[in-house]
Protein chains: 2
Amino acid sequence: MLDAPNVDRQSRRREQTRREILDAAWDVARSAGLTGLTLRDVASRVGMRAPSLYSHFDSKHAIYDAMFGEAWTAYEEIKLAEESRLTDDLRECAHLIARTFFDFAVADPPRYQLMNQRVIPGFEPSPENYAPAVRVLAAAQVIAAERGLRDPDDLVLLLAVIGGLIDQQIANDPGGDRFARMLPRAVDMWADGVGLPRTTTTEKDTR
Amino acid sequence: MLDAPNVDRQSRRREQTRREILDAAWDVARSAGLTGLTLRDVASRVGMRAPSLYSHFDSKHAIYDAMFGEAWTAYEEIKLAEESRLTDDLRECAHLIARTFFDFAVADPPRYQLMNQRVIPGFEPSPENYAPAVRVLAAAQVIAAERGLRDPDDLVLLLAVIGGLIDQQIANDPGGDRFARMLPRAVDMWADGVGLPRTTTTEKDTR
DNA sequence: GTCTATACACCGATAGAC
DNA sequence: GTCTATCGGTGTATAGAC
């Protein structure tokens, strides 16, 4: 039997090193692009040589995989924190969720690329790290269904609309807000299209 | 002075070699992914060594650049051929244009990635090869305006909706039609949202 | 277990012979 | 115009120091 505190300390240390590596990987991705990430860059940022990373990750794809899981987990946490602010009105909820997701995506384009586009040749997320993505979508489906949305495809459509605007914003107006400004209209169009009643309050987000 | 026919023959030969290289590049991109393209792969497909490509293109990015222009030009030609089938009804036109663009995109995901997403670190299309993309959008704006669409942003919104569905289709159901089937509903939602009259004919595309 | 050193095959790009 | 040779870079595997 191993000494429990020792095991704990070691595995905690290990976990911490993984954290540092992943943080460095995010840094590199943000400055060199997602596919511009290199192991040597990542390693040098944590004071290692590239091969040393293999003590903590099986391959470069394994790093991408962990990043994929982290990205969706980060968004999941934001969404959970946001749930307390959700009302019974689905249209309002859609506005809130759309804005949150849009801002989350645009704040870190490489992260969005990793989450929602197939950019890295040969990379597919492992089931383990794909799980948070599935959970987020399932939770959104529940929220929508509880508020009267019948067809699950309707939610998919909303996500497609938001995703389309995110794409345009990142590709054609990075750093700007040309497409961000169109988000409320897009959400209202969707809400009208799926038959949600018009909200009467003037609180609607039109920034 | 150079012999004119000779110049012609030489420059035609040169142009043909460029064509072969670009065709090979498309082949490689389709089989290895857009960012998985390598000069050695391209060269071997045209019976050359990699450095020889530099006699025809300044860099790998220059090849991407030419491909970018080709992709938008190809779509521009499809759109021009399609114009004869356009009616006066903007909703109908939107359905047709959406379907055409969706099919065009899904038929060749790396091409779509190159056209509409910023996937290659450091690559930005040259003004020359960006031009067809601008022309296509401008032509679409004219078509929409002629049929009564007032706000140019409304067309951008339609393109975002279509793009969002394309993303989902490519990333989450490649080869399938889960999101393709949602396209007509999405277009109708948009048409309703911008105040277009409902088409009364039963000819509507619901496949 | 953790890391380094070394090595390999591959990459984009350049120089220079032919 | 195309080749060979080569450069500095990449991901990755492995042997071995600690």
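To find a chain, count down the sequence lines: A is the first, B the second, and so on, and within it residues start at 1.
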Tabulated below should be each protein N or O lying under 3.5 Å from an N or O of nucleotides 3-5 of chain D; please produce it.
{"from": "D/dC3", "atom 1": "OP2", "to": "B/Arg49", "atom 2": "N", "distance (Å)": "2.9"}
{"from": "D/dC3", "atom 1": "OP2", "to": "B/Ser52", "atom 2": "OG", "distance (Å)": "2.4"}
{"from": "D/dT4", "atom 1": "OP2", "to": "B/Arg49", "atom 2": "NE", "distance (Å)": "3.1"}

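Ring geometry for A/Phe123 versus A/Tyr64: interplanar angle of 30 to 60°, hence tilted.
A/Phe101 meets the ring-ring contact (aromatic ring centres under 6.0 Å, His included) test with A/Tyr75; sequence neighbours excluded.
The two residues B/Met67 and B/Leu22 come nearest to each other via the heavy atoms CG-CD2, 4.0 Å. The two residues B/Val46 and B/Glu20 have their closest heavy-atom pair at CG1-O, 3.5 Å. When every heavy atom of B/Gln169 is checked against every heavy atom of B/Phe179, the shortest pair comes out as OE1-N, 2.9 Å.
Counting to the nearest Å, the P atom of C/dC11 and the CD1 atom of B/Ile120 are 17 Å from each other. Per the geometry, OH belonging to A/Tyr54 stands 16 Å off C1' belonging to C/dA5, to the nearest Å. Atom NZ of B/Lys60 and atom P of C/dC11 are 9 Å apart (whole Å). Rounding to whole angstrom units, CG of residue A/Asp41 and C1' of D/dT10 are separated by 10 Å. A/His61 places its NE2 atom 11 Å from the C1' atom of D/dG11, with the value rounded to the nearest Å. Rounding to whole angstrom units, CZ of residue B/Arg12 and P of D/dG1 are separated by 15 Å. For A/Leu53 and D/dT12, the CG to C1' distance is 11 Å, given to the nearest whole Å.
Within a 6.0 Å sphere centred on CZ of A/Arg49, other residues, nucleotides and ligands contribute 12 heavy atoms or fewer.
Residues of residues 22-38 of chain A having a heavy atom closer than 4.0 Å to DNA chain D, listed by number: A/Leu37, A/Thr38.
The side chain to side chain donor-acceptor pair (under 3.5 Å) test with A/Thr17 is passed by exactly one of A/Arg13, A/Glu15, A/Arg19: A/Arg13. Tested against B/Arg147, the residues B/Asp89, B/Leu86, B/Val142, B/Leu196 include a single side chain to side chain contact (heavy atoms under 4.5 Å, CB included) partner, B/Leu86.
For D/dT2, one of the phosphate oxygens OP1 or OP2 lies less than 4.0 angstrom from a side-chain nitrogen or oxygen of B/His56. Between A/Arg14 and the phosphate of C/dT2, there is a side-chain N or O to OP1/OP2 separation shorter than 4.0 Å.
One donor-acceptor pair, N or O on each side, does fall under 3.5 Å between the base of D/dG11 and the side chain of A/Arg40.
Residue contacts shown for B/Ser59 are limited to sugar-phosphate atoms, with no base heavy atom under 4.0 Å away.
A cation-pi arrangement is found for B/Arg111 relative to B/Phe104, the charged atom lying closer than 6.0 Å to the ring centre and inside a 45° cone about the ring normal.
The side chain of B/Leu39 lies closest to C/dG12, out of D/dT12, C/dT2, C/dG12.
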